[in-house]
Novice: 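There's a structure below that I have some questions on.
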Amino acid sequence: TAIGTMMVQSALNILGSTLVAAFTAASKIEQVVTQAYVAMGTTMATYGAQNIGAGNVPRIRQGFKACTIIMSSVDIYLKCIGLFFIPLAIVNIYRNGIQGLGYGLLPMMAGVAELIGRGVVARIAARERSYLGVCLASPAAWVLAGGLLIAMYYYIMNVHMKKMFGDYNQKV
């Protein structure tokens, strides 16, 4: 494992410091996210040992099956949200950036958009009894809020900043 990691790091180093930093940050997130898998493995070690000691083989089979099903659902959820990490990044970058520029109400409206997006998708998912729909509720909220925040950003930069600073593009 360590040799493989060194090979990946060597390949990554060739790509430059920006991609090294991005990969490093993402791998830290990966370590946190994958703790659910590690924990389930540890759980099964204890569960298996207890039930083999009790001679309860059917319960061992039941436990392996239940853990596999649970972790399959976790996998589906993580894949759903993982596909939408760019909109989530946009939400955090633009919401906080716009707040930093002194506009507090606009980012709050993006929060309302998140509430609406998440709520609408969750209600539809509940009506349809759709686990996939539930998994997509937060991503839908991120896309809606992210789109609104980008529109707010362009409005601020093209209207308010020009009023305040004139043609700021020439001031470098």
Novice: Which residue pairs satisfy the salt bridge (Lys or Arg N to Asp or Glu O under 4.0 Å) criterion with at least one member in residues 27-45, sequence neighbours excluded?
Specialist: none

Novice: Among the clusters formed by ILVMFWY side chains lying less than 4.5 Å apart, do Tyr155 and Met108 turn up in the same one?
Specialist: no

Novice: According to a 4.5 Å side-chain heavy-atom criterion applied to Ile, Leu, Val, Met, Phe, Trp and Tyr, with indirect links allowed, do Ile69 and Val38 form part of one hydrophobic cluster?
Specialist: no

Novice: Surrounding CE of Met109 (heavy atoms of other residues, nucleotides or ligands, distance under 6.0 Å), is the total greater than 12?
Specialist: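 Incorrect, the count does not exceed 12.
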
Novice: In terms of hydrophobic clustering (I, L, V, M, F, W, Y; side-chain heavy atoms under 4.5 Å; direct or indirect links), are Val159 and Leu105 co-clustered?
Specialist: no

Novice: Donor-acceptor pairs are to be reported for all side-chain atoms of residues 5-24 against protein atoms at under 3.5 Å, with residues two or more places apart or in another chain.
Specialist:
unit_1: Thr5; atom_1: OG1; unit_2: Thr1; atom_2: O; d: 3.0
unit_1: Gln9; atom_1: NE2; unit_2: Asn13; atom_2: OD1; d: 2.8
unit_1: Asn13; atom_1: ND2; unit_2: Gln9; atom_2: O; d: 3.3
unit_1: Thr24; atom_1: OG1; unit_2: Val20; atom_2: O; d: 2.8

Novice: Donor-acceptor pairs under 3.5 Å, side chain of residues 111-122 to any protein atom, not counting sequence neighbours: which ones?
Specialist:
unit_1: Glu114; atom_1: OE2; unit_2: Arg95; atom_2: NH1; d: 3.4
unit_1: Glu114; atom_1: OE2; unit_2: Arg95; atom_2: NH2; d: 2.2
unit_1: Arg118; atom_1: NE; unit_2: Ser138; atom_2: OG; d: 3.1

Novice: Would Val32 and Met71 show up in the same hydrophobic cluster when neighbours are defined by side-chain heavy atoms closer than 4.5 Å?
Specialist: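 No, it is not one cluster - the side chains of Val32 and Met71 are not joined through contacts under 4.5 Å.
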
Novice: Residues in salt bridge (Lys or Arg N to Asp or Glu O under 4.0 Å) with Lys65, at least two apart?
Specialist: none

Novice: Between Ile81 and Cys135, which heavy-atom pair has the shortest distance, and what is it?
Specialist: CG2-O, 4.1 Å

Novice: So Leu101 and Met161, do their side chains get closer than 4.5 Å, heavy atoms only?
Specialist: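 Touching, per the 4.5 Å side-chain cut-off.
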
Novice: Test side chain to side chain contact (heavy atoms under 4.5 Å, CB included) on Leu132 and Cys80 and set out the steps.
Specialist: CA-CA 8 Å; Leu132 183 61; Cys80 285; 3.3 Å; yes

Novice: Which pairs, with at least one residue in residues 66-76 and sequence neighbours excluded, count as a side chain to side chain donor-acceptor pair (under 3.5 Å)?
Specialist: Asp75-Lys79

Novice: Using every non-hydrogen atom in the two residues, find where Leu149 and Ile98 come nearest and quote the distance to one decimal.
Specialist: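 Answer, listing the atom of Leu149 first, then Ile98: O-CD1, 3.7 Å.
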
Novice: Within the distance-only criterion (no hydrogens, no angle test), does the side chain of Asn56 pair as donor or acceptor with the backbone N or O of Ile52 below 3.5 angstrom?
Specialist: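 Answer holds: no.
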
Novice: Starting at NZ of Lys162, measure out to CD1 of Ile156 and round the result to the nearest 0.5 Å.
Specialist: 14.0 Å

Novice: Quick one: side chain to side chain contact (heavy atoms under 4.5 Å, CB included) partners of Val57, sequence neighbours excluded?
Specialist: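 Side chain to side chain contact (heavy atoms under 4.5 Å, CB included) list for Val57, sorted by chain: Arg61.
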
Novice: Of all the heavy-atom pairs spanning Ala110 and Leu148, show the shortest one and how long it is.
Specialist: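 For Ala110 versus Leu148, the nearest heavy atoms are CA-CD2, 3.9 Å.
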
Novice: For the backbone of Ala126 and the side chain of Ser130, can you confirm whether one donor and one acceptor N or O come within less than 3.5 Å of each other?
Specialist: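 Between the backbone of Ala126 and the side chain of Ser130 there is no qualifying donor-acceptor contact (under 3.5 Å).
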
Novice: Looking at every non-hydrogen atom in both residues, tell me the closest pair between Ala145 and Val91 and how far apart they are.
Specialist: CB-CG2, 4.0 Å

Novice: Scan residues 66-98 for pairs that pass ring-ring contact (aromatic ring centres under 6.0 Å, His included), counting only residues two or more places apart or in two chains.
Specialist: Tyr94-Tyr153

Novice: Does anything in residues 24-67 form a ring-ring contact (aromatic ring centres under 6.0 Å, His included)? List the pairs, not counting sequence neighbours.
Specialist: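 Residue pairs with at least one partner in residues 24-67: there are none.
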
Novice: Which heavy-atom pair separates Met40 from Cys67 by the least distance, and what is that distance?
Specialist: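 Residues Met40 and Cys67, closest heavy atoms: SD-SG, 3.2 Å.
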
Novice: Are Leu83 and Leu144 grouped together when hydrophobic residues (ILVMFWY) are joined by side-chain heavy atoms under 4.5 angstrom apart?
Specialist: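 No, Leu83 does not connect to Leu144 through the hydrophobic network.
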
Novice: With sequence neighbours left out, which residue pairs that include part of residues 134-151 fulfil the salt bridge (Lys or Arg N to Asp or Glu O under 4.0 Å) condition?
Specialist: none

Novice: Per the ring-ring contact (aromatic ring centres under 6.0 Å, His included) rule, what does the pair list look like for residues 103-152, sequence neighbours excluded?
Specialist: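 Found Tyr103-His160.
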
Novice: Can you pull out every salt bridge (Lys or Arg N to Asp or Glu O under 4.0 Å) where at least one residue sits in residues 122-143? Sequence neighbours excluded, please.
Specialist: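 Residue pairs with at least one partner in residues 122-143: there are none.
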
Novice: Among all residues two or more places apart in sequence or in another chain, which pass the side chain to side chain contact (heavy atoms under 4.5 Å, CB included) test with Val33?
Specialist: Ile29, Leu78

